[in-house]
Amino acid sequence: MRQPEAPHHGTTSTLPPPSANGSASRTRAAPIPPGGTVSAPSAIVAGPPAPRVSFDPALNRPGAADGGWWPHSRNALTELPGLIAALDSQPGARVQRLSIHRDDWDEIPHRLTTDAGQVIRVDWFTTIPRHTVSVTTAGREPITLLVVPPGASEGAAQTAMNMAATGPGAGPGR
C-alpha cells in the first residue's frame with residue numbers, strides 16, 4: 001500500500017516512505033551546479049482578512065452607534081489592527097485608544113502599534129456594554145461601534161451592521 005507523500009518545504013533531500021521491511025533509503029535531489037544558487041520558495045503572506053465594517057458617514061451620533069463591525073474571530077490581537085486601519089482611513093479619524101468588553105475577546109493586548117509606528121492603547125472592561133467597542137480619536141467625540149459576534153450568520157451580520165450605520169440618528173439631519 002502506498003503511503004501519502006509529505007508536503008515539500010524546499011528541502012534538498014527527501015525520505016521515501018518506509019519499505020515493507022520498515023527501512024528507508026535516503027535519496028537526494030539533484031545537486032546544485034557549481035556557482036549556482038538556490039532560492040527558497042516564495043512565501044505568500046496571507047495577513048489578516050479585510051475588516052468587515054460599516055460606518056455612518058459622520059461618525060458622530062450621540063446616543064447611537066456610529067457603525068458596525070463584524071470581526072472574523074474573538075482574537076483581539078489579530079482583529080483590532082484591521083479595525084484601527086479601517087477607522088484611520090476615515091476623514092478626520094485618528095485612533096488613540098480602544099475600549100472593549102473583556103468577556104467578548106480572547107488574546108487582548110495592552111497596546112498595538114500601527115504600521116506608521118503609532119501606539120494605540122487597548123483597555124478592557126466589564127462595565128461597558130457587551131458587543132460594543134468605544135474608540136477614542138484625536139479631536140473628536142468617542143466613536144461607538146456595534147460588534148457583531150464572529151459566529152453570526154452573514155445575513156444577520158450584514159443587517160445589524162447596516163442598521164448600526166444607518167439607523168435612527170444617522171446622518172446630519174438627526
Side-chain angles (χ1 to χ4, degrees), residues 7-10 39-174:
H8 181 64
H9 295 290
S39 60
S42 298
I44 298 173
V45 180
R52 301 177 291 194
V53 296
S54 180
F55 302 118
D56 173 76
L59 279 180
N60 185 12
R61 298 184 319 165
D66 297 302
W69 174 42
W70 183 27
H72 298 271
S73 73
R74 288 177 38 101
N75 186 324
L77 186 60
T78 60
E79 297 291 340
L80 292 176
L83 177 63
I84 293 166
L87 285 164
D88 279 349
S89 71
Q90 299 299 305
R94 183 175 168 100
V95 177
Q96 293 180 324
R97 175 186 287 178
L98 300 171
S99 297
I100 60 177
H101 195 286
R102 182 188 70 199
D103 295 341
D104 290 341
W105 297 99
D106 301 323
E107 303 293 324
I108 303 171
H110 290 284
R111 288 180 173 69
L112 291 168
T113 303
T114 65
D115 290 340
Q118 179 187 5
V119 177
I120 309 297
R121 185 172 164 182
V122 180
D123 298 321
W124 60 92
F125 304 94
T126 57
T127 56
I128 66 172
R130 289 199 68 179
H131 307 297
T132 62
V133 60
S134 178
V135 184
T136 303
T137 60
R140 309 179 70 140
E141 292 293 317
I143 296 168
T144 302
L145 298 175
L146 169 73
V147 179
V148 178
S153 71
E154 184 162 354
Q158 291 296 336
T159 299
M161 289 193 316
N162 287 338
M163 287 179 65
T166 61
R174 279 177 250 220

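Note that this is a predicted model, so its numbers are computed, not measured.
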Which atoms form the tightest heavy-atom contact between [X] and [Y], and what is the distance?
{"X": "L146", "Y": "A160", "answer": "CD2-O, 3.8 Å"}
{"X": "A86", "Y": "V53", "answer": "CB-CG2, 4.0 Å"}
{"X": "Q118", "Y": "D88", "answer": "OE1-OD2, 4.1 Å"}
{"X": "W124", "Y": "P109", "answer": "CZ3-O, 3.6 Å"}
{"X": "A76", "Y": "P81", "answer": "O-CD, 4.0 Å"}

Test log, rule side chain to side chain contact (heavy atoms under 4.5 Å, CB included), inputs E107 and T78: CA-CA 8 Å; E107 303 293 324; T78 60; over 6 Å; no
Tell me if a side-chain donor or acceptor on H72 pairs with a main-chain N or O of A50 at a distance below 3.5 Å.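 Between the backbone of A50 and the side chain of H72 there is a qualifying donor-acceptor contact (under 3.5 Å).
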Please list all pairs passing the side-chain hydrogen bond (donor to acceptor under 3.5 Å, both in side chains) test where one or both residues lie in residues 126-138, with sequence neighbours left out.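 Pairs touching residues 126-138 that pass the test: D104-R130.
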Does any part of the side chain of [Y], heavy atoms only, come nearer than 4.5 Å to the side chain of [X], both counted from C-beta?
{"X": "W105", "Y": "V147", "value": "yes"}
{"X": "R94", "Y": "R140", "value": "no"}
{"X": "D123", "Y": "S99", "value": "yes"}

Going from [atom1] on [X] to [atom2] on [Y], what distance comes out if it is rounded to the nearest 0.5 angstrom?
{"X": "I108", "Y": "L98", "atom1": "CD1", "atom2": "CG", "answer": "11.5 Å"}
{"X": "I120", "Y": "I84", "atom1": "CD1", "atom2": "CD1", "answer": "5.0 Å"}
{"X": "H101", "Y": "F125", "atom1": "NE2", "atom2": "CZ", "answer": "11.0 Å"}
{"X": "L145", "Y": "W69", "atom1": "CG", "atom2": "CH2", "answer": "8.5 Å"}

With sequence neighbours left out, what residues match W70 under ring pair (Phe, Tyr, Trp, His ring centres under 6.0 Å)?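 With sequence neighbours excluded, W70 shows a ring pair (Phe, Tyr, Trp, His ring centres under 6.0 Å) to no residue whatsoever.
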Can you establish whether the number of heavy atoms outside R74 located under 6.0 Å from its atom CZ is more than 12?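 Counting other residues, nucleotides and ligands, CZ of R74 exceeds 12 neighbours.
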